[in-house]
Amino acid sequence: MANKRIPMEADKFYHIYNHAVGNENLFRNDDNFNYFMLKYKEYCNPIVETYAYCLMPNHFHLLISMKNDTKLIRFYKNKYPKFKDIAEKDPTDFENPQGLNNLISLQTSKHFGNFFNAYAKAFNKQQQRRGSLFEADFRRIEVSSDEYLRKLAHYIHYNPIHHGFTNDIKNWKFSSYRAFLSSKKTHLAKQEVINWFDDLENLIYFHKKDIDNFKSDFD
């Protein structure tokens with residue numbers, strides 16, 4: 001089951017997702033979808049590798065891995081003066097692996113929270129609404145097997161079919177699937193995902209399967 005409080009540690013894979021509150025939508029038009037991805041690249045590209053994503057009107061899914069601790073520490077020190085102060089105040093604890101992991105995890109959760117807050121603030125202003133947009137803290141599941149990575153990439157791309165928005169995943173503009181069929185430059189770790197399926201042909205074949213045998217708690 002998903003745990004919104006599990007640590008976000010360097011070099012690990014995670015499935016991140018969340019829903020809008022109540023019957024709200026996170027995205028009401030193309031500009032909203034595009035702005036979310038613009039802010040995602042701004043906030044998240046420096047700290048994660050992205051393998052798959054899908055934005056649905058009232059929820060989203062991301063498959064990412066955290067970058068290594070050296071890159072995370074460098075980015076957080078430059079971005080957040082308080083992180084730098086804490087890191088340098090107690091170097092003994094910072095050099096301890098557990099202390100380092102905890103510090104990175106806490107700052108990562110805050111950084112993702114800042115990303116979602118930045119989007120929500122802009123959305124509320126545009127839509128002239130007030131109050132929370134997302135359901136509480138974002139949910140995450142650590143992904144620890146190659147088989148699960150393949151199934152999860154498929155599940156994420158299959159979401160528009162699963163929820164009845166299209167009968168062909170190629171037709172949904174707001175997922176990463178079409179990037180794998182294109183030669184255009186992308187921020188995705190595209191080749192690594194293709195390697196999970198051995199080659200592009202097998203990736204496409206795998207994505208033609210249904211998802212009945214992949215049950216989860218993040219529908």
Side-chain angles (χ1 to χ4, degrees), residues 1-18 36-55 60-120 134-153 155-156 176 179-180 185-197 216-218:
M1 187 169 179
N3 184 342
K4 64 184 182 180
R5 296 296 184 185
I6 65 170
M8 299 281 290
E9 298 181 12
D11 295 315
K12 290 189 176 182
F13 287 86
Y14 296 92
H15 174 204
I16 294 175
Y17 61 101
N18 208 351
F36 183 91
M37 290 310 300
L38 182 68
K39 300 308 286 184
Y40 177 80
K41 291 174 185 177
E42 175 188 339
Y43 276 83
C44 299
N45 278 8
I47 63 169
V48 308
E49 296 292 345
T50 305
Y51 303 94
Y53 68 85
C54 186
L55 310 184
F60 68 85
H61 295 274
L62 305 168
L63 174 53
I64 60 100
S65 70
M66 299 304 301
K67 293 191 175 181
N68 64 50
D69 53 16
T70 301
K71 291 179 180 178
L72 294 175
I73 291 166
R74 184 185 304 122
F75 175 77
Y76 290 148
K77 278 186 174 182
N78 290 333
K79 180 75 174 177
Y80 300 107
K82 286 185 178 179
F83 179 90
K84 183 178 180 180
D85 291 344
I86 294 170
E88 293 179 351
K89 181 180 289 186
D90 189 356
T92 303
D93 182 62
F94 191 62
E95 290 168 3
N96 178 283
Q98 191 58 43
L100 174 62
N101 288 340
N102 287 339
L103 192 58
I104 289 175
S105 179
L106 288 170
Q107 189 60 63
T108 297
S109 293
K110 290 178 183 177
H111 187 70
F112 268 97
N114 290 343
F115 157 49
F116 296 129
N117 287 337
Y119 175 78
F134 295 94
E135 280 187 352
D137 197 3
F138 66 97
R139 295 166 172 82
R140 57 262 202 179
I141 299 173
E142 185 181 340
V143 183
S144 56
S145 76
D146 291 343
E147 180 183 8
Y148 197 88
L149 283 171
R150 288 190 293 271
K151 288 183 175 181
L152 185 54
Y155 176 86
I156 288 172
S176 50
F180 294 97
K185 187 177 179 180
T186 175
H187 69 284
L188 296 170
K190 184 172 156 181
Q191 189 56 53
E192 188 167 347
V193 177
I194 292 173
N195 290 343
W196 296 346
F197 298 89
S216 186
D217 63 349
F218 44 75

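Just so it is clear, the values below take in all heavy atoms, side chains as well, and ignore hydrogens, waters and symmetry mates.
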Using atom types as modelled and distance alone, determine if a side-chain donor or acceptor of [X] lies under 3.5 Å from a backbone N or O of [Y].
X	Y	result
His111	Tyr43	yes
Arg140	Tyr17	no
Ser105	Met8	yes
Lys84	Lys79	no

Do [X] and [Y] make a side-chain contact, defined as non-hydrogen atoms from C-beta onward lying under 4.5 Å apart?
X	Y	value
Leu55	Met37	yes
Tyr51	Ser176	no
Thr108	Met66	yes
Leu149	Leu63	yes
Tyr76	Ile47	yes
Tyr53	His61	no
Lys67	Phe75	no
Ile73	Ile104	yes

Parallel, tilted or perpendicular: rings of Phe13 and Trp196 (30°, 60°): perpendicular
Mutual orientation of the aromatic rings belonging to Phe60 and Phe36 [parallel < 30°, tilted 30-60°, perpendicular > 60°]: tilted
Considering non-hydrogen atoms only, spot the tightest contact between [X] and [Y] and give its length.
X	Y	value
Val143	His15	CG2-N, 3.9 Å
Ala10	Asp69	CB-N, 3.6 Å
Ala136	Asn18	O-ND2, 3.8 Å

Val193/Asn195 under side-chain contact (heavy atoms from CB on, under 4.5 Å): CA gap, chis, key distance, verdict: CA-CA 5 Å; Val193 177; Asn195 290 343; over 6 Å; no
Pair Phe112-Cys44, side-chain contact (heavy atoms from CB on, under 4.5 Å): steps then yes or no: CA-CA 8 Å; Phe112 268 97; Cys44 299; 3.7 Å; yes
Salt bridge flag under 4.0 Å for residues Glu147 and Arg150: no
Verdict with reasoning, Leu103 to Phe83, per side-chain contact (heavy atoms from CB on, under 4.5 Å): CA-CA 8 Å; Leu103 192 58; Phe83 179 90; 3.6 Å; yes
Non-neighbouring partners of Lys12 that pass salt bridge (Lys or Arg N to Asp or Glu O under 4.0 Å), sequence neighbours left out: Glu9, Glu142
Polar contact flag, side-chain donor to acceptor under 3.5 angstrom, Ser65-Tyr14: no
Tyr40/Tyr119 aromatic ring centres below 6.0 Å: no
Straight-line distance of Asn68 CG to Arg74 CZ, nearest 0.5 Å: 8.0 Å
Leu72 side, atom CG; Asp11 side, atom CG - distance, nearest 0.5 Å: 8.0 Å
